Amino acid sequence: MKQEQALNIDELTALAQAMARVTQDCTCEVASYPGWTRTPVSFPQAQMRPAGTLAGDPYCDPTFAEYHPHGTNYWSPDAPIAIHHFPYNRCAVQQCTVCLRYCLTYVEAGGYYVEPRIRALDARHIVDAPVAD
């Protein structure tokens with residue numbers, strides 16, 4: 001099994017900046033997910049390819065702390081994409097092979113369910129805030 005490439009903040013920002021230049025319409029509709037949302041059943045997963053990961057060492061438990069210094073919340077479209085905080089520290093980065101847009105994905109695993117989630121990658125919201133001790 002091939003391990004996904006771990007992305008640093010500069011690499012992630014470069015992908016987001018590339019995505020900002022994409023203007024064509026696409027069935028993936030990645031751009032219509034500015035904040036976290038449930039991945040629709042109709043989402044064309046077959047046209048997505050892995051582009052990297054923000055998840056760290058699989059043997060260390062990443063924090064569940066979120067980062068919202070300006071009053072945003074998990075669902076906010078303008079919430080920071082804080083790469084060291086939840087849920088970004090568990091995310092895969094995918095790229096649509098048709099329109100070349102990027103998105104963040106992860107699977108929320110609650111007590112009685114699992115739910116794939118998606119958020120468009122947006123350079124304006126990427127931050128490198130450290131996790132408090």
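Note that the structure is predicted; figures quoted are calculated from it, not measured. This chain uses plain numbering: 1 for the first residue, then up along the sequence.
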*What do the steps show when you test E29 against F43 for side chain to side chain contact (heavy atoms under 4.5 Å, CB included), and what is the final call?*
CA-CA 8 Å; E29 298 182 343; F43 185 74; over 6 Å; no
*Would you say T37's side chain and R119's backbone share a donor-acceptor pair under 3.5 angstrom?*
no
_Short side-chain to backbone donor-acceptor contact, Q5 and G52, under 3.5 Å_ = no
Answer whether the closest heavy-atom distance between the side chains of [X] and [Y] falls below 4.5 Å.
| X | Y | value |
| --- | --- | --- |
| V98 | C28 | no |
| Y74 | P87 | yes |
| L104 | I81 | yes |
| V30 | L121 | no |
| H85 | E66 | no |
| L15 | E11 | no |

What is the minimum heavy-atom distance between [X] and [Y], and which atoms define it?
| X | Y | value |
| --- | --- | --- |
| T63 | R90 | O-NH1, 2.9 Å |
| Y102 | A51 | CE2-CB, 3.8 Å |
| A79 | H68 | CB-CE1, 3.9 Å |
| V107 | V114 | CG1-CB, 3.9 Å |
| T105 | Q94 | OG1-NE2, 3.7 Å |
| C103 | M48 | SG-CE, 3.6 Å |

Just how far is it from atom [atom1] of [X] to atom [atom2] of [Y], taken to the nearest 0.5 Å?
| X | Y | atom1 | atom2 | result |
| --- | --- | --- | --- | --- |
| L54 | I83 | CG | CD1 | 6.5 Å |
| R124 | T13 | CZ | OG1 | 13.0 Å |
| Q24 | C99 | CD | SG | 6.0 Å |
| L7 | L12 | CG | CG | 6.0 Å |
| E108 | F86 | CD | CZ | 4.5 Å |

*Mutual orientation of the aromatic rings belonging to W36 and Y106 [parallel < 30°, tilted 30-60°, perpendicular > 60°]*: perpendicular
*asked:* Surrounding CG of N73 (heavy atoms of other residues, nucleotides or ligands, distance under 6.0 Å), is the total greater than 12?
replied: yes
*Donor + acceptor pair across side chains of D128, H84 (<3.5 Å)*: yes
